[in-house]
Amino acid sequence: MKLLRNIYLSMAVLFCAACSEDYLEKAPLDTINTGNYPTNESELVSLVNGAYQPLQWPKLYNLRMWTTDIMAGNSIVGAGGGTDGIETQDLSNFVTTSDNAGVLDLWRGPWPGILRANIALEVAPELSIDQEIKDRSMGEAYFLRAHYYFILVRFFGDVPLIVEPQSADDDLYPARDSEELVWAQIISDLELAVDLLPEKNTYSAGDLGRASKGSALGMLAKVHLTLGNWQQVVDLTSEIEGLGYDLNENYADNFNPAAENSVESLFEVQYASNGGYGFWGNENQAAWTSAFMGPRGSNFVAGAYGWNQPTEEFVNSYEEDDLRKDATILYEQGPQFDGKSYDAAYSLTGYNVRKFLVPLAVSASYDNSPLNFPILRFSDILLMKAEALNELGQTSEAETPLNRVRDRAGLEDIATGLSKEGFREAVLHERRMELAFEGQRWFDLIRVGDGAYALAFLHSIGKTNATTNHLLLPIPQKEIDTNPKLSQNTGY
């Protein structure tokens, strides 16, 4: 596992222009020297490894993606107070503007990965190399390109659709393409990835953590869930069930550095201790989650910056005896963490996130947490299937996958005889508690009822200024200034 994490960086020598900070300060659709394109198997593999790397960055899963739970009302920034995390405060209070630093990160984060995937897909078919490696590499590139566009289209709507490496003769200032075109490309890429990628159980230890057939099927199911294509969701999740995935017996093992890439994991961002790069840079390979979410002043974990403090409304949403509560949050008189008792004074809300904290015995330095970040888990697959079956009018059948998740959480089976609307509320509640602080809740809110579900919930917790316009983020003004062909989203 650590091998794969560390080789995420290995393509930098070949394609330095694609990953430098200077590159990110330009229009994100830059060009690279075609003379540096891969010419053999090892160089292709290095390039594809580099296409994973932006997932690790603070622009995506090391910060911005999990802070969407703050936007979604599960938590507040907390942190040091004042202007600490002001960009996330503004996003969660729905007063953000087009110069928001977090929005700029989310816009710029995916493009280097898209660029690297595009190069791999252009070059690989012409290389005379082992066919299995060629197929796998192309499958990974299709998967990653689809995933990066999946991030962009949900946050911004229409985005430029770039599926070939840019050259000096191309238009380097493209306009936004329609959501419909982007969704079609995402689906096409994932279908190709499904055909090309091997199953997870065929990977050696050194390759565990790469995208697999299950990763692509799961991401494709989530795309169809987002679009409301219910039968496709049922078909895809059923296929995943036949690939050997299962729930970990212990929910907390999904967030245990010693149990990563488990039987429940379809895809997770790989992090490593001793990555050898500065903590605050893109090349850093240690996870930020423990240092950022640890309770301030507690000496529970290294760093302990106090971000992402759960709200009382969220904590009160747990059903009695839900085993996930003690694994997910820290609260006064709750179970100790690493032999230490929690004090509500550590947090503005009286609560902190527990599930991503790494004990000092594992990571004694703030810049060295090895904990991976989950993107797709089997419990998510089961809940997607339950939701889709219910929407198809098969509510009784939908109880089975939902109850598997509830059983692991120590809860009784869902009440039988619920209406479609009642079951929909139940499964969305289950998703909220099961996937809390994993960057899923915001996307669940905005996809249901064309955003009506999001606005109803946000207004119910006091965020009454949230409007339909806020369900998409603004196009960063820096990008519009660089590329005047980019139009702004409504309301910004």
Sidechain N-carboxylate O distance under 4.0 Å for R406, E430: yes
field: Side chains of L197 and D135 in contact at under 4.5 Å (non-hydrogen atoms)
entry: no
task: Without swapping roles, check the side chain of Y52 against the backbone of G113 for a donor-acceptor pair under 3.5 Å.
output: no
field: Min side-chain heavy-atom separation L104-E479 under 4.5 Å
entry: yes
query: Roughly how far apart are N256 CG and K355 NZ, rounded to 0.5 Å?
result: 13.5 Å
task: Kindly determine whether T202 and E199 satisfy side-chain hydrogen bond (donor to acceptor under 3.5 Å, both in side chains), including the steps that lead there.
output: CA-CA 6 Å; T202 67; E199 294 184 19; over 6 Å; no
field: Polar side-chain atom of K200 near backbone of N261 as donor-acceptor pair, under 3.5 Å
entry: yes
- prompt: Is there side-chain contact between F378 and E241, with heavy atoms separated by less than 4.5 Å?
  reply: yes
query: Is the F143 to F267 ring centre distance short of 6.0 Å?
result: yes
field: R408-N248 side chain donor-acceptor pair, cut-off 3.5 Å
entry: no
- prompt: Would a distance-only check, ignoring hydrogens and angles, find a side-chain to backbone donor-acceptor pair under 3.5 Å from D326 to P335?
  reply: no
query: Can you tell me how far the OG1 atom of T289 sits from the CG atom of L63, to the nearest 0.5 Å?
result: 10.5 Å
- request: May I ask you to check whether W66 and F437 place their ring centres under 6.0 Å from each other?
  value: no
- prompt: Looking at Y331, is K325 sitting on its ring face, NZ or CZ under 6.0 Å from the six-membered ring centre and within 45 degrees of the normal?
  reply: yes
CG-CG distance between L60 and L106, expressed to the nearest 0.5 angstrom: 7.0 Å
message: Please determine whether a side-chain nitrogen of the Lys or Arg among R432 and E313 lies less than 4.0 Å from a carboxylate oxygen of the Asp or Glu.
response: yes
- prompt: Considering residues at least two apart in sequence or located in another chain, which fulfil the salt bridge (Lys or Arg N to Asp or Glu O under 4.0 Å) criterion with D90?
  reply: none
query: Okay, side chain of N100, backbone of V103: is any donor-acceptor separation there less than 3.5 Å?
result: yes
task: Give a yes or no on whether the backbone of P110 and the side-chain of K59 come within a donor-acceptor separation of less than 3.5 Å.
output: no
message: Any carboxylate oxygen within less than 4.0 angstrom of a Lys/Arg side-chain nitrogen, looking at K213 and D195?
response: no
- request: Keeping the roles fixed (side chain from Y271, backbone from Q56), state whether a donor-acceptor pair exists under 3.5 Å.
  value: yes
query: How many angstroms lie between CD1 in I114 and CG in L152, if you round to the nearest 0.5 Å?
result: 5.0 Å
Within 45° cone and under 6.0 Å: R441 NZ/CZ vs F457 ring: yes
- prompt: Under 3.5 Å, is there a donor-acceptor pair between the side chain of T68 and the main chain of M65?
  reply: yes
message: Do M71 and L445 make a side-chain contact, defined as non-hydrogen atoms from C-beta onward lying under 4.5 Å apart?
response: no
message: Walk me through whether N352 and Y346 qualify under side-chain hydrogen bond (donor to acceptor under 3.5 Å, both in side chains).
response: CA-CA 8 Å; N352 283 92; Y346 292 145; over 6 Å; no
field: For the student: nearest non-hydrogen atoms of A120 and V48, plus distance
entry: CB-CG2, 3.9 Å
- prompt: Given side chains that start at C-beta, do those of T88 and W307 come closer than 4.5 Å, heavy atoms only?
  reply: yes
Sidechain-backbone polar pair: N93 side chain, Q89 backbone, donor-acceptor under 3.5 Å: yes
field: Under the side chain to side chain donor-acceptor pair (under 3.5 Å) test, residues paired with N40 that sit two or more places apart
entry: S42
- request: Looking only at non-hydrogen atoms, find the nearest pair between V223 and L190 and report the distance.
  value: CG2-CD1, 3.9 Å
Side-chain ion pair, E87 and R64, N-O less than 4.0 Å: yes
message: Distance alone, cut at 3.5 Å: any donor-acceptor contact between the side chains of N390 and R424?
response: no
- line: Residues passing the side chain to side chain donor-acceptor pair (under 3.5 Å) test with R377, sequence neighbours excluded, are E264, S379, E434, E438
field: Check: F356 ring centre within less than 6.0 Å of F292 ring centre
entry: no
message: For a side-chain contact (heavy atoms from CB on, under 4.5 Å) check, start with the C-alpha distance between L91 and I70, then their side-chain angles and the critical distance, and finish with the verdict.
response: CA-CA 8 Å; L91 283 164; I70 301 172; over 6 Å; no
- prompt: So do the side chains of T311 and N316 get within less than 4.5 Å of each other, counting heavy atoms only?
  reply: no
query: Under a 4.5 Å cut-off applied to non-hydrogen side-chain atoms, are V234 and E239 in contact?
result: no
query: Quick one: does E268's side chain have a donor or acceptor within less than 3.5 Å of a partner on N372's backbone?
result: no
- prompt: Is any side-chain heavy atom of Y342 less than 4.5 Å from a side-chain heavy atom of F337?
  reply: no
field: Heavy-atom pair of closest approach, residues Y453 and D444
entry: CD2-O, 4.3 Å
message: Whether R210 and E140 form a salt bridge (side-chain N of Lys/Arg under 4.0 Å from carboxylate O of Asp/Glu) is what I want to check.
response: yes
- request: State whether a side-chain donor-acceptor pair under 3.5 Å links S212 with S215.
  value: yes
query: At what distance, to the nearest 0.5 angstrom, does CG of D380 lie from CG of L266?
result: 8.5 Å
statement: Nearest heavy-atom contact between N368 and N274 is OD1-N, 2.7 Å
query: Any salt bridge between D207 and R136, counting N to O under 4.0 Å?
result: yes
field: Donor-acceptor pair between K385 and S238 side chains, under 3.5 angstrom
entry: yes
Exercise: identify the closest heavy-atom pair between E41 and I129: N-CG2, 3.6 Å
query: How far apart are the C-alpha atoms of T328 and Y318, what are their side-chain angles, what is the distance that settles it, and do they pass the side-chain contact (heavy atoms from CB on, under 4.5 Å) test?
result: CA-CA 11 Å; T328 302; Y318 279 104; 3.3 Å; yes
query: What about the rings of F279 and W288, do their centers lie closer together than 6.0 Å?
result: yes
field: Ionic contact status for D84 with R296, cut-off 4.0 Å
entry: yes
task: Say whether, by atom type as modelled, one donor and one acceptor occur between the side chain of N49 and the main chain of V45 under 3.5 angstrom.
output: yes
field: Residues in side chain to side chain donor-acceptor pair (under 3.5 Å) contact with T349, at least two apart in sequence or another chain
entry: S347
query: Under the side chain to side chain donor-acceptor pair (under 3.5 Å) test, which residues partner Y61, sequence neighbours left out?
result: H147
query: Are N308 and S75 linked by a side-chain donor-acceptor pair shorter than 3.5 Å?
result: yes
Ion pair check, R324 and E319, cut-off under 4.0 Å: no
statement: Residues passing the ring-ring contact (aromatic ring centres under 6.0 Å, His included) test with H224, sequence neighbours excluded, are none
- prompt: Looking only at heavy atoms, which two atoms of I461 and G73 are closest? And how far apart?
  reply: CD1-CA, 3.8 Å
message: To the closest 0.5 Å, what do you measure between CG (L411) and CE (M433)?
response: 10.0 Å
